[in-house]
S.K.: 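Here you go, one structure.
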Amino acid sequence: MKTKSLWLFLCVFVCALFIPFQQTQAATDGYLQKVKDQGTLVVGTSADYPPYEFTVKQNGETKYVGLDMEIAQKFADNLGVKLVVKNMNFDSLLVALETHKVDMVISGMNPTPERQQSVDFSKVYYSGDQYMLINKKDLAHFKTIKSFKNKTIGAQTGSLQYTLVKQQMKNNEIKGLAKLNDLVIALQSGKVNAVAMEEPTARAFAENNSGLVAINPKFKVDAGQTGAAIAFPKGATSLVNAANKTITQIKQQNLINKKYIPQAGKYMAGNTKSNSILNYWTYFAKGIEYTLIITVVSVFFGFALGVLFALMRLSRNKLFHWLAVAYIEFVRGTPLMVQVMFVYFGIGAVIQSLPALVAGIIAVSLNSTAYVAEVIRSGIESIPAGQTEAARSLGMSQKLTYRYVIIPQALKNIWPALGNEFITLIKESSIVSIIGVTDLIYQMQLVQSATYKGVVPIFIAMVIYFVMTFSLSKVLGYFEGRMKHA
């Protein structure tokens, strides 16, 4: 008995020593102090989820609004720092958090057990049922989960709703997309029969579109999966504790129901009244500007590096040759989207200050380099060997031979293929929108979110891309004609 008492005393003593130590470590994990030192709270979100987060146009500028943005602003104010919002695809948010591109994620995210293995969550700040958005003409047919048998259900990839549909609607085909706006477009065009989303969001879309209606199909949801919480990096206990204090204040004052949701409703109503596409021409203009910046810079570096790698591949130096072959084959064998994400989230994890625009330009430039290198190599090899022999017999060095004899003739031969690569680059640059670069596709998605119109912004973006590519093809055709004349 005394032995047991002694062991109990020792356990209590050790715990008494360990708990304060643990609390001290939690308080000094550095995350909260880092935010205060940098003077900004960088928040990741996917602004296509009203009333949680969406966009409005104010004085020609994009403003992120909604329930989550109000909470984020309140948290930033309590910390005495400036709020900075990074908008990206929902399924990229946790990657951005884990690679420290953002300090926290607030995007109507459910604290599921799977996510809790990778990140830490605050207390739940808002709870809502899981609903379905359907076309009003189908209201008589769809009531519960069973009534959707053998139908196609849409859900945002990486979301709780995607998991619920997959687990509880096994007789259905599930269609997952990164953007909720795209799913709503699919619903309106008959590509899916319903879209799973949280109750407030489903009601928001239904209230702003007379052809849609929100229903509760009675999903079975575990208590630990319900509600929205703020995600933080694993081990960021100091930030979690600070966020919980803010959430407690918000709940005590009932700010969500009294202020935040009504304010979101006003913004949504304002969007509905002024949702003419003409009001958002500045969005498309900004998208064109960034698309052209990415394309022009990527063409310059892609061509310069392409020449270098083409010469390396043709070099007799085995090291240079195999380095060029390895680079070109690797880049051509991997998707540009993966390369963009690797540069931003992978290299960006090491270089924390790497902006999304710079990361996008680097990825697109390096991708273009591989294709340009092969085009230039084929052009050089198309020149008869006699040209080189004649130049060398006249006393020209290899460098001069390439500069004045081989390259000019090769450039004339490959100009159409090179021009095609430049035109393709304008279109491929749209992939950088996945990391939040404000190119044309990114801006188009903002217009979709703000106007609740899906197809019209897509058509406008198509026309703009056609104008840009057609204009460039005419310019390239002019220089091709001059080369033929020469």
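In this text the structure is predicted, and so the values were computed from the model without any measurement.
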S.K.: Quick one: does K136's side chain have a donor or acceptor within less than 3.5 Å of a partner on S210's backbone?
M.R.: yes
S.K.: So which atom in I288 and which in M468 form the shortest heavy-atom distance, rounded to 0.1 Å?
M.R.: CG2-SD, 4.1 Å
S.K.: Knowing that exactly one of T369, V432, T295, I431 qualifies, which makes a side-chain contact (heavy atoms from CB on, under 4.5 Å) with V364?
M.R.: V432
S.K.: Would the distance check show the side chain of N216 and the main-chain N or O of Y131 forming a donor-acceptor pair, the cut-off being under 3.5 Å?
M.R.: no
S.K.: Would you call the rings of F142 and F148 parallel, tilted or perpendicular if under 30° counts as parallel and over 60° as perpendicular?
M.R.: parallel
S.K.: Can a donor-acceptor pair be found, under 3.5 Å and without considering hydrogens, that links the side chain of N89 to the backbone of D91?
M.R.: no
S.K.: Under 3.5 Å, side chain of S92 to main-chain N/O of M88, donor-acceptor pair present?
M.R.: no
S.K.: Heavy-atom count check: over 12 atoms from other residues, nucleotides or ligands less than 6.0 Å from E173 CD?
M.R.: no
S.K.: Of the non-hydrogen atoms in S122 and I247, which two are nearest, and what is the gap between them?
M.R.: OG-CD1, 3.4 Å
S.K.: We want to know whether N87 and E53 form a side-chain donor-acceptor pair, criterion being a heavy-atom distance below 3.5 angstrom.
M.R.: no
S.K.: State, to 0.1 Å, how close R332 and E329 come at their nearest heavy-atom pair, and which atoms those are.
M.R.: NH2-OE2, 3.3 Å
S.K.: Minimum heavy-atom separation for L133 and A202, please, with both atom names.
M.R.: CD1-O, 3.5 Å
S.K.: Just by distance, do the side chain of N172 and the backbone of K151 share a donor-acceptor pair under 3.5 Å?
M.R.: yes
S.K.: Has T144 got a side-chain atom pairing as donor or acceptor with P217's backbone, closer than 3.5 angstrom?
M.R.: no
S.K.: Determine whether V43 and V102 satisfy the following criterion, side chain to side chain contact (heavy atoms under 4.5 Å, CB included), listing intermediate values before the conclusion.
M.R.: CA-CA 6 Å; V43 175; V102 297; over 6 Å; no
S.K.: Testing the basics here: between S107 and S46, what is the closest heavy-atom pair and its distance to 0.1 Å?
M.R.: OG-N, 3.3 Å
S.K.: Side-chain contact, heavy-atom cut-off 4.5 Å: M197 with Q156?
M.R.: no
S.K.: Between atom OG1 of T246 and atom CG of L79, what is the distance when rounded to the nearest 0.5 Å?
M.R.: 6.5 Å
S.K.: Taking the side chain as every heavy atom from C-beta outward, state whether I215 and I134 have any atom pair closer than 4.5 Å.
M.R.: yes
S.K.: Can you tell me how far the OG atom of S147 sits from the CG atom of D138, to the nearest 0.5 Å?
M.R.: 10.5 Å
S.K.: Just so I know, are the side chains of V119 and P233 near enough to count as touching, which here means a heavy-atom distance under 4.5 Å?
M.R.: no
S.K.: Would you say Y52 and E198 make side-chain contact, with heavy atoms under 4.5 Å?
M.R.: yes
S.K.: Could you check if a side-chain atom of K63 sits within less than 4.5 angstrom of a side-chain atom of Y267, using non-hydrogen atoms only?
M.R.: yes
S.K.: Could you walk me through whether T152 and K191 pass side chain to side chain contact (heavy atoms under 4.5 Å, CB included), step by step?
M.R.: CA-CA 8 Å; T152 304; K191 302 299 182 183; over 6 Å; no
S.K.: Decide whether Y125 and D68 meet the rule of one side-chain donor and one side-chain acceptor closer than 3.5 Å.
M.R.: yes
S.K.: State whether the number of non-hydrogen atoms from other residues, nucleotides or ligands found under 6.0 Å of F301 atom CZ is greater than 12.
M.R.: no
S.K.: Where do E207 and R203 land on the salt bridge (Lys or Arg N to Asp or Glu O under 4.0 Å) test, with the steps shown first?
M.R.: CA-CA 6 Å; E207 289 172 3; R203 291 189 182 279; 5.8 Å; no
S.K.: For K86, does the NZ atom have more than 12 heavy-atom neighbours from other residues, nucleotides or ligands under 6.0 Å away?
M.R.: yes
S.K.: Quick check: closest heavy atoms across P111 and V124, and the distance to 0.1 Å?
M.R.: CG-CG2, 4.2 Å
S.K.: Determine, step by step, whether M69 and Y260 satisfy the side chain to side chain contact (heavy atoms under 4.5 Å, CB included) criterion, reporting the C-alpha distance in whole Å, the side-chain angles of both residues, the deciding distance to 0.1 Å, and the verdict.
M.R.: CA-CA 9 Å; M69 295 298 97; Y260 297 163; over 6 Å; no
S.K.: Heavy-atom count check: over 12 atoms from other residues, nucleotides or ligands less than 6.0 Å from E61 CD?
M.R.: no
S.K.: Determine yes or no for a side-chain-to-main-chain donor-acceptor pair under 3.5 angstrom, with Q168 supplying the side chain and K220 the backbone.
M.R.: yes
S.K.: Does K101 count as lying over the ring of Y344, i.e. NZ or CZ under 6.0 Å from the six-ring centre, within 45 degrees of the axis?
M.R.: yes
S.K.: Ring-plane angle category for F232 and F75, please: parallel below 30°, perpendicular beyond 60°, tilted otherwise.
M.R.: perpendicular
S.K.: Show every salt bridge (Lys or Arg N to Asp or Glu O under 4.0 Å) that has at least one partner inside residues 239-256, sequence neighbours left out.
M.R.: none
S.K.: Enter the distance from D439:CG to K286:NZ here, rounded to the nearest 0.5 Å.
M.R.: 11.5 Å
S.K.: Within this structure, what is the CE-OG1 distance for the pair M104 and T45, rounded to the nearest 0.5 Å?
M.R.: 9.0 Å
S.K.: Does the distance from a Lys or Arg side-chain N to an Asp or Glu carboxylate O, for K74 and E70, drop under 4.0 Å?
M.R.: no
S.K.: State the CE-NZ distance between M169 and K149, to the nearest 0.5 angstrom.
M.R.: 12.0 Å
S.K.: Is there a side-chain contact between L180 and F205, using heavy atoms and a 4.5 Å cut-off?
M.R.: yes
S.K.: Is a side-chain donor-acceptor pair under 3.5 Å present for N241 with N244?
M.R.: no
S.K.: Do the side chain of S430 and the main chain of K427 share a donor and acceptor less than 3.5 angstrom apart?
M.R.: yes
S.K.: For residues Q443 and Y290, is any side-chain donor paired with an opposing acceptor at under 3.5 Å?
M.R.: no
S.K.: Taking the ring centre of each residue, are Y49 and F54 less than 6.0 Å apart?
M.R.: no
S.K.: Would you call M132 and V195 a side-chain contact if the rule is heavy atoms closer than 4.5 Å?
M.R.: no
S.K.: Does the pair M444 and I458 meet the rule for a side chain to side chain contact (heavy atoms under 4.5 Å, CB included), with working shown?
M.R.: CA-CA 7 Å; M444 178 200 75; I458 293 174; 3.9 Å; yes
S.K.: Looking at side-chain heavy atoms only, is the closest gap between V221 and N110 below 4.5 Å?
M.R.: no
S.K.: Please, which pairs that meet salt bridge (Lys or Arg N to Asp or Glu O under 4.0 Å) have at least one residue in residues 116-134, sequence neighbours excluded?
M.R.: D120-K234
S.K.: Step by step, work out the side-chain hydrogen bond (donor to acceptor under 3.5 Å, both in side chains) result for S433 and Q445.
M.R.: CA-CA 9 Å; S433 62; Q445 291 170 343; 4.8 Å; no
S.K.: Would you compute the distance between atom NZ of K36 and atom OG of S238 and round it to the nearest 0.5 angstrom?
M.R.: 9.0 Å
